[in-house]
Protein chains: 2
Amino acid sequence: MAGSTGGDGQAAPTIYDVARAAGVAASTVSRAFARPARVNAETAGRIRRIAEEMGYRTNPLARALLNERSSMIALAISDITNPYCFEIIRGAQAAAMEVGYTMLLADGQESDRLERETLDRAARTVEGIVLASTRMSDTSIRMMAKLRPLIVLNRAVAGVPSVVTDYRHGMREAVEHLHGLGHSHITYLAGPEAAWSDGIRWQALREAGVEWGLRLHRLGPYPPTMLGGVAAADDFWRRSTSAVIAYNDLVALGLLRGLSAAGVRVPQDVSVVGCDNIFGTDLVTPGLTTLAAPLRFLGRTAVQSLLALISGAQPPVDKPVSIPTRLVVRASTDERRPARLAPPAIPVRPPISTPAGTPAT
Amino acid sequence: MAGSTGGDGQAAPTIYDVARAAGVAASTVSRAFARPARVNAETAGRIRRIAEEMGYRTNPLARALLNERSSMIALAISDITNPYCFEIIRGAQAAAMEVGYTMLLADGQESDRLERETLDRAARTVEGIVLASTRMSDTSIRMMAKLRPLIVLNRAVAGVPSVVTDYRHGMREAVEHLHGLGHSHITYLAGPEAAWSDGIRWQALREAGVEWGLRLHRLGPYPPTMLGGVAAADDFWRRSTSAVIAYNDLVALGLLRGLSAAGVRVPQDVSVVGCDNIFGTDLVTPGLTTLAAPLRFLGRTAVQSLLALISGAQPPVDKPVSIPTRLVVRASTDERRPARLAPPAIPVRPPISTPAGTPAT
DNA sequence: CTGAAAGCGCTAACAA
DNA sequence: TTGTTAGCGCTTTCAG
């Protein structure tokens, strides 16, 4: 048998088919689904039964054409493979599904152009957009926001409602933690300059530094990847402080690898702190102390805000919804050892390998 | 100003607006975009320019209503937070984007019912479906496949075209590797019984065992998560062999953790092999030896097959497209040490802690 | 090469 | 409570 490969069985029944079978008008069928209260209970029941039998499903496209209610939202992500996104996607998806919405995924593949193109195509189809991580400029975002209800995640754009992580408070906690361990100098490994979250983290860090009387250094920017972290290890080598806070966990993970390859021990020689608490941070040895962003909750909150926006709410466009962080302390941070000021005796600095093999403990 | 929060600026221009502005009929505008060859070159140019100026974008919904060509495909995933999925999603998304398709993400959250519901809703909207990891039964899948062009990933369903990983060959390689290290007994930690990939891996493993003269044991099934792996460590304790192959990397990772907590050394006491090569396998210490599935390529291939199917190709429904694996050897496998037969002297087995801050994937 | 008209499946008005 | 009608924005005939 030729295999019923294609998906084209008999045409799907339309609302008219159901109406005919039930001996009512199409609008009645429509009502039976949308506003059962406005239909004779018995009739409604019969219609629903017949529809069920015929395997009728309302065509969302047709509905949307009329209504602008496609029951779809778009989630824009600049790089799907970043573990940072996974939990956000999950949270967003769950929140959307709960209210019968479908999620359309727009991965910009780290390209501003691709991202806008995708979003442009999707914009007409969806009822709203969540920008979860984006390469787009504030201006582009504002234009997008004019087109469709839109929520930005972890970024503040004037005039556009957003949901952000409370890094200010979180960074203070992280610095307090390091201060408590006896560190007096902290190096910050910066992320992409264009990233709003890099700016806010650095700023929060500096404020916290003042508050706790610590000296801050800044290195970078580095790509927000493990490779970026490995490169950072290379630079950090020169002017190392006893504690580092990395732009995000990937960088911190790469840093751990780079330091380990260079024979620097964590936490004995250096304490390392990451950001986000992504998958993998407690897999590595030592486990990474990190400022945990409630990623799933962020995704969920963003979608819920978006849905509110869609149904006409007027969220504050200049006071982002702020979600608290939690400092997850693992083994990568420890008391400052006075001994460390003399760097480990390594005659020739070994080449720092790209993340191929394993970190040699 | 009250903040232009909602996304409702002036209504988007329709094809009629453009037609009027250009002084032609709507059908001409339509043609100017779809079949420029059939329009006077100059007119076509003018129309396109005007359309551009007005910011006209064709409404995909309206087009789809008429055509059934929504330029959307659905990717169904049973659990988005499983790192196994990330690269698949990425590959699929890239392939879709390349040809101007948008991807709709259907996360079933590990529930058969949710998955079908979501898919059911999406089915009408999309041109085709990729089932990347699914809790659905063969029967449900076949029904789905009747409704829409559909490709299954890493699963063989009679009558439905699929793209699978070549575990048969891969497992042979893994066993050969362990055999080469001097292991003579291998324990397989089974995944969910319903999972096609569990069946195929076990079967491939047994065949390879026969071929290389190794004895196989089977433990489980375990949930395909880190927690499952931790639990497996608990059982494995009893009848440990010198080598283990886990259903997937998450289980292997959990196993590493459980063994480490119990004082069993890897690879000195036990060699561990995982499956898939997900993110994190080279983060852990020791690095996990794993049978790498080309996840991104799988996603890409599945989408490409789907697109072919949509355009009327008749792929073989009973011979899945098979993608080769690659054995990634890291530190978790090593020569069998004769000494290990005497288990490490641990008076009281320490409690095996659950992974603390891990996303319970 | 271009225009007019019909209609995809649905729902919101309005009428009965 | 139910039916009738019109039309969402687009494309595809079919005439011109």
Side-chain angles (χ1 to χ4, degrees), chain A residues 8 10-48 50-51 54-72 100 121-127 147, chain B residues 8 10-48 50-51 54-72 100 121-127 147:
Chain A
D8 21 40
Q10 71 290 19
T14 75
I15 202 171
Y16 289 110
D17 299 324
V18 177
R20 199 172 312 119
V24 296
S27 57
T28 305
V29 177
S30 175
R31 277 190 287 260
F33 285 102
R35 296 189 221 316
R38 292 178 200 261
V39 177
N40 178 309
E42 190 207 349
T43 318
R46 185 164 47 92
I47 290 176
R48 301 180 77 119
I50 292 180
M54 300 177 70
Y56 167 77
R57 332 242 61 151
T58 135
N59 181 333
L61 260 40
R63 191 221 299 287
L65 182 55
L66 193 53
N67 270 351
E68 301 263 87
R69 323 202 71 241
S70 62
S71 293
M72 291 198 256
R121 205 173 15 239
R124 281 294 206 285
T125 306
V126 300
E127 293 181 40
L147 205 62
Chain B
D8 20 41
Q10 71 291 22
T14 75
I15 202 171
Y16 289 109
D17 298 324
V18 177
R20 198 171 313 118
V24 296
S27 54
T28 305
V29 177
S30 175
R31 277 191 287 260
F33 285 103
R35 297 191 222 316
R38 292 178 201 261
V39 178
N40 177 309
E42 191 208 347
T43 317
R46 187 165 45 92
I47 290 175
R48 302 181 76 119
I50 292 180
M54 301 178 68
Y56 168 76
R57 332 241 60 151
T58 133
N59 181 333
L61 260 41
R63 192 220 297 289
L65 182 55
L66 196 53
N67 268 351
E68 302 264 86
R69 324 203 68 239
S70 63
S71 293
M72 292 198 255
R121 203 170 23 235
R124 279 296 206 285
T125 307
V126 300
E127 293 182 41
L147 204 61

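Convention: sequence-line order gives letters A, B, ...; per-chain numbering from 1.
- For the pair B:Arg124 (side chain) and A:Thr58 (backbone), a donor-acceptor distance under 3.5 Å is absent.
- Remark: B:Ala122 pairs with B:Leu104 by the side chain to side chain contact (heavy atoms under 4.5 Å, CB included) rule, at least two apart or across chains.
- With axes fitted over five pairs at each extremity, the angle between the ends of the helix from C:dC1-D:dG16 to C:dA16-D:dT1 is 40° (10° resolution).
- When atom types are taken as modelled, the side chain of B:Ser70 and the backbone of B:Thr125 share a donor-acceptor pair closer than 3.5 angstrom.
- For B:Ser30, the side chain to side chain contact (heavy atoms under 4.5 Å, CB included) test picks out B:Ile15, with sequence neighbours left out.
- Applying the salt bridge (charged side-chain N to carboxylate O under 4.0 Å, His left out) test to residues at least two apart or on different chains, the pairs with a partner in residues 16-43 of chain B are B:Asp17-B:Arg20.
- Within the structure, no pair that satisfies the salt bridge (charged side-chain N to carboxylate O under 4.0 Å, His left out) test touches residues 58-72 of chain B, not counting sequence neighbours.
- Looking at residues two or more places apart in sequence or on another chain, you find a salt bridge (charged side-chain N to carboxylate O under 4.0 Å, His left out) between B:Arg57 and A:Asp120.
- Note that the first and last nucleotides of DNA chain D, 5' to 3', having any atom under 4.0 angstrom from a heavy atom of chain A are D:dT1 to D:dG9.
- For A:Phe33, the ring pair (Phe, Tyr, Trp, His ring centres under 6.0 Å) test picks out A:Tyr56, with sequence neighbours left out.
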Footprint string (nucleotides 6-16 of chain C, 5' to 3'): B base within contact, S backbone only, - free, heavy atoms under 4.0 Å: -BBBBBBB---
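- In this structure B:Ala25 satisfies the side chain to side chain contact (heavy atoms under 4.5 Å, CB included) test together with B:Ser27, B:Thr28, sequence neighbours excluded.
- Not counting sequence neighbours, the partners of A:Ala22 by the side chain to side chain contact (heavy atoms under 4.5 Å, CB included) test are A:Val24, A:Arg46, A:Ile47, A:Ile50.
- OP1 and OP2 of C:dT2 both lie 4.0 Å or more from every side-chain N or O belonging to B:Thr28.
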